Amino acid sequence: MITTSGLTKVYRSGGREVTALDGVDLHVREGEVYGVLGQSGAGKSTLIRCVNLLERPTAGTVTVAGQDLTALAGRGRRASGALRQARSRIGMVFQHFNLLSSRTVQANVELPLEILGLDRRERGRKALELLDLVGLADKAKSYPAQLSGGQKQRVGIARALAGDPKVLLSDESTSALDPETTRSILGLLRDLNRQLGLTVLLITHEMDVVKTICDSAALMKGGRITESGTVAELLATPGSELARELFPVGGEPSGPDRTVVDVTFHGEAATQPVISQLSRTYNIDISILGAAMDTVAGKQVGRMRIELPGRFEENVVPIGFLREQGLQVDVAGAAAGTDVADAAEALIQEGAK
Amino acid sequence: MTWSQMQPLLHDACLDTLFMVWWSTVYTVLGGLPLGILLYLTERGGLLPNVVVNKAVGAVVNIARSVPFIILIVWLIPFTRLVINTSIGPSAAVVALTIGAIPFFARLVETSLREVDHGLIEAVQAMGGGTWTVIFKVLLPQALASLVAGLTTTVIALIGYSAMAGAVGGGGLGQVAINYGYQRQEHGLMNITIVLLVVIVTVVQLAGDLSVRRLARRTGRQPAPVGVRRLWSANRTPGPRKTEVTEVAPETT
């Protein structure tokens, strides 16, 4: 639905060049919620603004719903008619809502419809319908200044939906909201994604946002995407930074001669009582050092850090057992040196056999 | 000079002043508003950045603003004669007043538009709006309160200029004050014209303030006081509002 290839943005100011985007390839499938996570300055805001060409990329292409937007854009800063047409089919929600304080809530939602050239009656009907959808039908005649942050963002979402978009871009839409309001706004985005089949690309610096609603995610650092994929894929990737941050597990081994293992659950395996099976089968005592379980996109996923008695060599068979159950198993501590990790890997392979 | 002699004189002079101020205001808005918008749009990083246009318009505006009005009006006499075939009377004064006030108002418009949150412009661009949409649906409505405040200041400046125009044959209260009050030493008449000017300025300022406050209340923000309002508000602004102390009766159960 949204594809960027080799997207590059270089800002020039006073002879200095700052590369905000450095060859970003992003692929968002139709109907999914895709989260781009990164710290401020990572370039994620530039990325989302390049998707509807509010920011002109220095190089690379952007394709939304099969339309190459970079080809539509006229030269110079002014947007061509074709680009404006395309933009009206892409909704955008902002961190600071960007509602016109001089217009009522209803008139704000009508604004994109005015641009589309709908007549007055049609606009009113559509606007009220959208306000109803976001649960603010009773606020139609209020001014934005009279609303709370969460309500303002709901108006922002209603306005973004006015052009019947297939794609919704969310630029830190929950970053100015408190946790509870954030949850309700994310819930609304999730509902819209399901009900309307809306493809959502959102950028955020909050891990919770990704955890709550994203099907896929990407991690951005220094203008590049360092990891991307569906949440399940990321969890299955050994050493994935996103997976580690999504499900942080901590805990130090309680003494020497202990093996610490990080187990990642997803899919079928998450529903099996693997730990107690392991304990019974091999008659070993397992202590849980840390665990994080959650429902991501309707599936139970999580990570757990467990401690097995004895050194690593003695635990090859139990670890093999866990692997057989379809779990992702990483031996902690082994990550410190790759040689050790490779050795561990080889041993586990043998053990499994 | 008796009141019956003064009365028709003042009556006509008042009408002339109002005529000059009204028409020059109309033309100033028609000329200054687009010019201010042009200055805003063409500035660096604006919607239609164009260094040449911006610098050229900016230079003309600055030059026009630095010429004292009394000199401008004299300098413009040939031009005025070209436009309306005369250089005397209120109609002639309107030409000079308008040309003097357009650059002033254009700068105020530019400043007002700069105060509009850039995020709003971006939001409208993201929904497919072009430059005209941005101007008419975002910039002007959002800056309206500030524009009205700027217009109030401009009208008051025009009242002052119109009195200067009176000194060189423009008619109006300024001419009465110069011809009768100064040259014929009619101090009573002079004082009355001053009182009338103060009344006109006050009425304009109050009307402007009222509309600004109405517009601002709707949008839920408080613009900074502009021009004379600062003087007036000095004694109107309440100090820290007294919070009413309500005694809470101890609950008895």
Side-chain angles (χ1 to χ4, degrees), chain A residues 13 45 48-49 51-55 74 76-104 107-117 142-147 152 155-156 159-163 165 167-171, chain B residues 37-38 40-54 112-150 211-224:
Chain A
S13 65
S45 203
I48 202 161
R49 288 155 48 82
V51 170
N52 61 1
L53 265 72
L54 280 179
E55 203 84 68
R77 273 178 64 94
R78 285 185 68 189
S80 68
L83 174 61
R84 280 189 271 128
Q85 185 87 34
R87 275 178 182 167
S88 70
R89 306 273 170 227
I90 303 173
M92 192 166 190
V93 187
F94 303 87
Q95 179 176 6
H96 298 295
F97 326 124
N98 292 353
L99 301 176
L100 298 178
S101 58
S102 57
R103 285 177 167 235
T104 62
N108 264 289
V109 179
E110 283 185 22
L111 182 56
L113 301 169
E114 287 171 27
I115 294 170
L116 287 173
S142 308
Y143 282 93
Q146 298 163 314
L147 303 182
K152 283 182 195 163
V155 177
R159 182 179 69 176
L161 294 175
V167 173
L168 187 70
L169 307 175
S170 156
D171 186 355
Chain B
I37 294 171
L38 189 68
Y40 172 82
L41 292 178
T42 54
E43 74 187 358
R44 216 160 60 118
L47 289 171
L48 305 168
N50 188 325
V51 183
V52 179
V53 173
N54 191 263
S112 297
L113 298 182
R114 276 209 199 122
E115 283 167 20
V116 175
D117 180 3
H118 195 79
L120 300 177
I121 295 168
E122 210 155 67
V124 169
Q125 286 178 327
M127 54 180 90
T131 307
W132 288 112
T133 313
V134 169
I135 294 170
F136 287 106
K137 306 248 181 221
V138 183
L139 290 176
L140 295 181
Q142 285 295 124
L144 193 58
S146 173
L147 288 172
V148 170
S211 15
V212 170
R213 216 171 310 144
R214 281 230 170 137
L215 292 166
R217 191 184 302 148
R218 197 183 64 178
T219 61
R221 65 201 175 97
Q222 207 63 47

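Values in this document were obtained by computation on a predicted structure and should not be read as measured data. Here is the naming used below: chain letters follow the sequence lines, and residue numbers restart at 1 for every chain.
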Notebook entry, point to check: Is the count of non-hydrogen atoms from other residues, nucleotides or ligands lying under 6.0 Å from A/Gln146 atom CD greater than 12?
Noted result: yes

Item checked: Interatomic spacing from CD in B/Gln125 to CG in A/Leu53 - rounded to 0.5 Å -> 11.5 Å

Next item on the list: Locate the shortest heavy-atom distance separating B/Ala126 from A/Asn52; write the atom from each residue and the value.
Entry: CB-ND2, 3.8 Å

Checklist line | Segment of A/Ile90 engaging chain B (4.5 angstrom heavy-atom cut-off) | finding: backbone

Checklist line | Structural part of A/Leu169 lying under 4.5 Å from a heavy atom of chain B | finding: neither

Check: Residues in side chain to side chain contact (heavy atoms under 4.5 Å, CB included) with B/Lys137, at least two apart?
Finding: A/Arg103, A/Leu111, A/Glu114, B/Thr133

Note to self: Restricting to side chain to side chain contact (heavy atoms under 4.5 Å, CB included), what partner residues turn up for B/Thr42, sequence neighbours left out?
What the structure shows: B/Leu38, B/Asn50, B/Val53, B/Asn54

Check: Under a 4.5 Å heavy-atom cut-off, does chain B meet the side chain of A/Arg89, its backbone, both or neither?
Finding: neither

Checklist line | Given B/Ile121, B/Leu120, B/Val138, the one that forms side-chain contact (heavy atoms from CB on, under 4.5 Å) with A/Asn98 | finding: B/Leu120

